[in-house]
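Atom set for the values below is all heavy atoms of this structure, side chains included, hydrogens, waters and symmetry mates excluded. Residue numbers start from 1 in every chain, and the chains themselves are labelled A, B, ... in the order their sequence lines are given, proteins ahead of strands.
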Amino acid sequence: MAIVTQSSKLGNVLWPTLAWVVALIFFFPIFWLVFTSFKTDADAVKPEFLFFFTPTLENYTNMTENYDYWRFAINSVITSTFATLFALAVGVPAAYAMAFDPSRRTKDILMWMLSTKMLPAAAVLYPMTFLTKNFLGIFDTHFLIILVLCLINLPIVIWMLFTYFKEIPKEIIEAGKMDGVSLWGEIKDILIPLAWGGIVSTALLTFIFCWNEAYWTVRLTTIDAATLSKLIEGNRAPEGLFFGRLAAVSTAAIAPIIILGWFCQKQLVQGLTFGAVK
Amino acid sequence: MSNRTLPRLLQAPAILLLLIWMLVPLSMTLYFSFIRYVLNSTIRPEWMTPALSNWRGLGNYKYVLEAKDFWFAIQNSVFIVSSILILTVVLGLGIAVLINRSFPGRGIVRVLLISPFFVMPAVNAVLWINMILDPVLGLNGLAVAGINEIVDGLRDFPVLGGFFSMWPEFEPISFRATQTSSYAVIMMVTWQWTPFAVLIFMTSLQSEDESQKEAATLDGASPWSKFINLTVPHLARPIAIVVMIQSIFHLSLYAEIEIVSRGNGNKNLPYLIGEFTSNNIGAASATGIFAVILANIIAIFLLRIVGKSLMD
């Protein structure tokens with residue numbers, strides 16, 4: 001969109017430059033985090049080493065010793081991966097039925113599913129703690145975190161899959177039915193290959209949401225199933241003594257997800273706005 | 001097997017799971033909100049277990065409505081959420097228009113801009129409050145110290161020195177303090193969510209009807225009037241969606257508030273619920289019900305917009 005007329009030479013230099021400046025400002029905090037992670041804890045708080053210092057990898061090599069990083073990271077990987085897979089396993093059949101066999105109530109069901117996503121988590125904090133601790137005995141287990149992450153993302157998963165599946169011509173699925181293909185065959189051999197791109201982006205986005213979740217993963221765990229969110233929150237105020245190592249562990253916690261995020265910007269819009277912005 | 005049985009069976013697991021997830025904890029909250037339920041009650045030990053005999057009616061609601069913290073939390077939530085909304089929408093619009101053109105390195109600019117959105121909330125808060133906003137060791141403190149040093153140096157100059165010696169020593173703002181901790185939260189969340197607004201506005205700008213704008217150009221419309229009369233109405237729906245989705249997310253901010261000041265001077269409803277939960281479950285549940293009502297009011301409007309675009 002041209003705010004300036006096309007003949008304006010000045011505008012052709014000015015606006016892109018401004019765009020670059022804005023982008024660099026927005027990226028700066030992340031850059032600063034990564035930059036700080038290469039300073040020793042002592043250097044990180046000395047003004048004279050603000051920009052020029054001897055880079056070191058010790059914060060990364062000591063990450064296990066300082067924070068037991070890998071334990072939390074593995075928990076994050078396990079819970080996010082399985083939550084994503086379960087959400088897909090439940091979501092694909094549901095979205096398939098809604099997209100190719102809609103009933104009068106399909107729209108209401110979809111809307112209702114979304115509305116569960118909008119319930120404030122804090123409102124059920126005590127019942128969840130009570131149920132899982134005293135009643136079911138699954139507090140601080142991988143199983144619980146996987147279940148919760150799966151449930152809070154299920155509406156988005158079904159919603160996204162539904163919009164992808166709707167793009168597939170009904171006739172293709174119908175043709176499969178005529179040929180007497182079983183339901184499982186229909187899903188496995190026709191639907192999944194055709195909607196593969198959509199399913200993969202749904203999975204990536206769900207994984208990102210699971211990884212970054214910071215309410216239930218913190219409140220429903222103590223040690224065994226604690227994820228990276230819990231690790232970082234537990235080290236919230238190091239009073240400047242450990243900026244270097246804290247920056248390193250934070251970088252390690254966000255790097256995989258930022259890189260993953262770059263690959264699914266487009267799907268992000270659809271996933272977060274429930275298809276309402278195209 | 002009838003025609004409708006199979007689709008129903010396929011949807012059943014999803015619907016059942018979500019139904020249990022929604023109904024069971026929420027009805028417990030509803031129940032607890034009507035009874036006296038206090039975890040450490042030495043005087044009335046019978047209140048320590050949930051029972052119908054501890055019925056309190058609307059007493060917990062009354063108690064919560066009369067609590068100073070509750071109104072502070074509501075006020076503070078509204079302040080935080082509306083500040084973030086205004087900032088993200090204005091910045092988001094500006095940036096989306098700015099990068100909605102082709103220029104060298106546009107792809108990289110997009111990648112840099114979107115990145116903050118993927119930072120996990122806990123890292124976002126830890127990074128901002130320590131490495132950027134800390135009044136002594138963060139960039140905030142270092143920058144203010146740097147300015148003071150420059151001013152100090154200028155004081156020795158003839159003539160001009162007289163002017164600069166009237167300047168006070170600058171004090172860096174501490175963002176962990178009672179009055180300022182909400183600003184820190186607003187800053188970090190705005191940083192994280194502006195990319196979201198940019199992304200949505202940009203998606204929507206790309207579907208704008210270009211021929212309409214060309215016609216307006218031929219009629220001699222100024223760029224500004226084209227923006228106000230064509231682009232802004234086109235963006236009305238995305239703006240509404242950005243506002244509502246963010247409201248729902250930011251009403252339940254937690255990690256940032258916890259990390260910045262542990263709620264000191266900066267509570268919202270989820271934080272208040274968390275505090276009540278350590279002892280007074282009745283009050284926590286009543287507060288929870290208020291939070292649900294508040295979220296529902298926004299959700300109804302959001303769902304209406306989403307519903308309209310669902311079936312086309």
Practice problem: Please flag which part of Trp32(A) lies under 4.5 Å from any non-hydrogen atom of chain B: side chain, backbone, both or neither. | Solution: side chain

Quiz item: Is it the backbone or the side chain of Ile132(B) that comes under 4.5 Å from a heavy atom of chain A, or both, or neither?
Solution: side chain

Self-check item: Nearest non-hydrogen partners of Trp20(A) and Gly105(B), listed with the distance
Solution: CZ2-O, 3.5 Å

Exercise. Heavy-atom distances under 4.5 Å only: say whether Gln206(B) touches chain A with side chain, backbone, both or neither.
Key: neither

Quiz item: Where on Leu231(A) is there a heavy atom nearer than 4.5 Å to chain B: the side chain, the backbone, both, or neither?
Solution: neither

Quiz item: Under a 4.5 Å heavy-atom cut-off, does chain A meet the side chain of Ile245(B), its backbone, both or neither?
Solution: side chain

Practice problem: Kindly indicate whether the side chain of Leu24(A), heavy atoms from C-beta on, has any atom under 4.5 Å from the side chain of Leu112(B). | Solution: yes

Quiz item: Short question: side chain of Trp15(A), backbone of Leu98(B) - any donor-acceptor pair under 3.5 Å?
Solution: no

Exercise. For chain B, find which of Ala44(A), Pro93(A), Ala87(A) contributes the most heavy-atom pairs closer than 4.5 angstrom.
Key: Pro93(A)

Quiz prompt | Side chain, backbone, both or neither of Leu199(B) within contact of chain A (heavy atoms, under 4.5 Å) | solution = both

Quiz item: Would you call Leu269(B) and Pro120(A) a side-chain contact if the rule is heavy atoms closer than 4.5 Å?
Solution: no

Practice problem: Tell me, out of Ser252(B), Ala125(B), Ala14(B), who's got the most heavy-atom pairs with chain A below 4.5 Å. | Solution: Ala14(B)

Quiz prompt | Phe86(A) atom CZ, over 12 foreign heavy atoms within 6.0 Å | solution = no

Quiz item: Does a sphere of radius 6.0 Å around CZ in Arg219(A) hold more than 12 heavy atoms from other residues, nucleotides or ligands, not counting ones at 6.0 Å or beyond?
Solution: yes

Quiz item: Judged by atom type as modelled, is there a donor-acceptor pair below 3.5 Å linking the side chain of Trp21(B) to the main-chain atoms of Val148(A)?
Solution: no

Quiz prompt | Closest approach of Thr29(B) to Pro127(A) (non-hydrogen atoms, all atoms of both residues) | solution = OG1-CG, 3.1 Å

Quiz item: Among Met22(B), Met244(B), Glu258(B), which has the most heavy-atom pairs under 4.5 Å with chain A?
Solution: Glu258(B)

Quiz item: Can you say whether Ala284(B) sits under 4.5 Å from chain A via the side chain, the backbone, both, or neither, judging by heavy atoms?
Solution: neither

Self-check item: Contact class of Trp112(A) relative to chain B, heavy atoms under 4.5 angstrom
Solution: side chain

Practice problem: Determine whether Met28(B) and Val124(A) make a side-chain contact, defined as any pair of heavy atoms from C-beta on separated by less than 4.5 Å. | Solution: no

Exercise. Kindly give the heavy-atom pair with the smallest separation between Ile30(A) and Ser115(B), and that separation in Å.
Key: CD1-CB, 3.7 Å

Practice problem: Would you mind telling me which of Thr287(B), Val198(B), Ile200(B) has the largest number of heavy-atom pairs within less than 4.5 Å of chain A? | Solution: Ile200(B)

Self-check item: Proximity breakdown for Phe196(B) and chain A, heavy-atom pairs closer than 4.5 Å
Solution: side chain

Quiz prompt | Leu183(A) versus chain B, the contacting section by heavy-atom distance below 4.5 Å | solution = side chain

Practice problem: Could you check Ile15(B) against Ile109(A) for side-chain contact (heavy atoms from CB on, under 4.5 Å), going step by step and ending with a plain yes or no? | Solution: CA-CA 8 Å; Ile15(B) 293 176; Ile109(A) 293 174; 3.9 Å; yes

Self-check item: Sole candidate of Tyr31(B), Tyr37(B), Phe276(B) that passes ring pair (Phe, Tyr, Trp, His ring centres under 6.0 Å) when paired with Tyr126(A)
Solution: Tyr37(B)

Quiz item: With only heavy atoms counted, which part of Phe28(A) is less than 4.5 Å from chain B, the side chain, the backbone, both or neither?
Solution: side chain

Quiz prompt | Under 4.5 Å from any heavy atom of chain A - which part of Leu142(B) | solution = side chain

Self-check item: Winner by heavy-atom pair count (cut-off under 4.5 Å) against chain B, out of Ile158(A), Leu154(A), Leu151(A), Val157(A)
Solution: Leu151(A)

Practice problem: Mind checking the CD-CG spacing from Gln11(B) to Asp101(A)? Nearest 0.5 Å is all I need. | Solution: 9.0 Å

Quiz item: Under a 4.5 Å heavy-atom cut-off, does chain B meet the side chain of Phe31(A), its backbone, both or neither?
Solution: neither

Quiz item: Highest number of heavy-atom pairs under 4.5 Å with chain A: which of Ile248(B), Ile273(B), Leu18(B)?
Solution: Leu18(B)

Quiz item: Do Asn212(A) side-chain atoms and Phe118(B) backbone N/O form a donor-acceptor pair below 3.5 Å?
Solution: yes

Quiz item: How many angstroms lie between atom CG of Leu33(A) and atom CG of Leu127(B), to the nearest 0.5 angstrom?
Solution: 5.0 Å

Quiz item: Arg106(B) versus chain A, heavy atoms under 4.5 Å apart: side chain, backbone, both or neither?
Solution: neither

Self-check item: Engaged part of Phe32(B) at the chain A interface, taking heavy atoms whose separation is under 4.5 Å
Solution: side chain

Donor-acceptor contacts, no H, no angles, side chain residues 247-259 of chain A, under 3.5 Å, sequence neighbours left out:
from      : atom 1 : to        : atom 2 : distance (Å)
Ser250(A) : OG     : Leu246(A) : O      : 2.8
Thr251(A) : OG1    : Ala247(A) : O      : 2.7

Quiz item: Under a 4.5 Å heavy-atom cutoff, which of Ile99(B), Leu272(B), Ile114(B), Val242(B) has the most pairs with chain A?
Solution: Ile114(B)

Practice problem: Please list, chain by chain and in numerical order, all residues satisfying side chain to side chain contact (heavy atoms under 4.5 Å, CB included) with Leu303(B), sequence neighbours excluded. | Solution: Met111(A), Leu114(A), Ser115(A), Met118(A)

Self-check item: Leu251(B), part contacting chain A, at a heavy-atom distance under 4.5 Å
Solution: neither

Quiz prompt | Heavy-atom pair of closest approach, residues Pro7(B) and Ala97(A) | solution = O-CB, 3.6 Å

Practice problem: Answer with side chain, backbone, both or neither: which region of Leu18(A) has an atom nearer than 4.5 Å to a non-hydrogen atom of chain B? | Solution: both

Self-check item: Selection from Pro29(A), Pro16(A), Pro102(A) maximising heavy-atom pairs under 4.5 Å formed with chain B
Solution: Pro29(A)

Quiz item: In terms of heavy-atom proximity below 4.5 Å to chain A, should Leu19(B) be classed as side chain, backbone, both, or neither?
Solution: both

Quiz prompt | Side-chain heavy-atom pair Leu113(B), Val22(A) within 4.5 angstrom cut-off | solution = yes

Quiz prompt | chain A contact via Val24(B) - side chain, backbone, both or neither, heavy atoms under 4.5 Å | solution = side chain

Self-check item: Point-to-point distance, once rounded to the nearest 0.5 Å, from CE of Met128(A) to OG1 of Thr277(B)
Solution: 13.0 Å

Quiz prompt | Residue, of Thr194(B), Val136(B), Ile20(B), that accumulates the most heavy atom pairs under 4.5 Å with chain A | solution = Thr194(B)

Exercise. Tell me, for Leu23(B) versus chain A, whether the close heavy atoms (under 4.5 Å) come from the side chain, the backbone, both or neither.
Key: neither

Practice problem: Check whether more than 12 heavy atoms from other residues, nucleotides or ligands sit under 6.0 Å from atom CZ of Phe301(B), and answer yes or no. | Solution: no

Quiz item: At a heavy-atom separation under 4.5 Å, does Leu294(B) approach chain A through its side chain, its backbone, both, or neither?
Solution: neither

Practice problem: Side chain from CB out, backbone as N, CA, C, O: work out which of these in Phe130(A) comes under 4.5 Å of a heavy atom of chain B, or both, or neither. | Solution: side chain

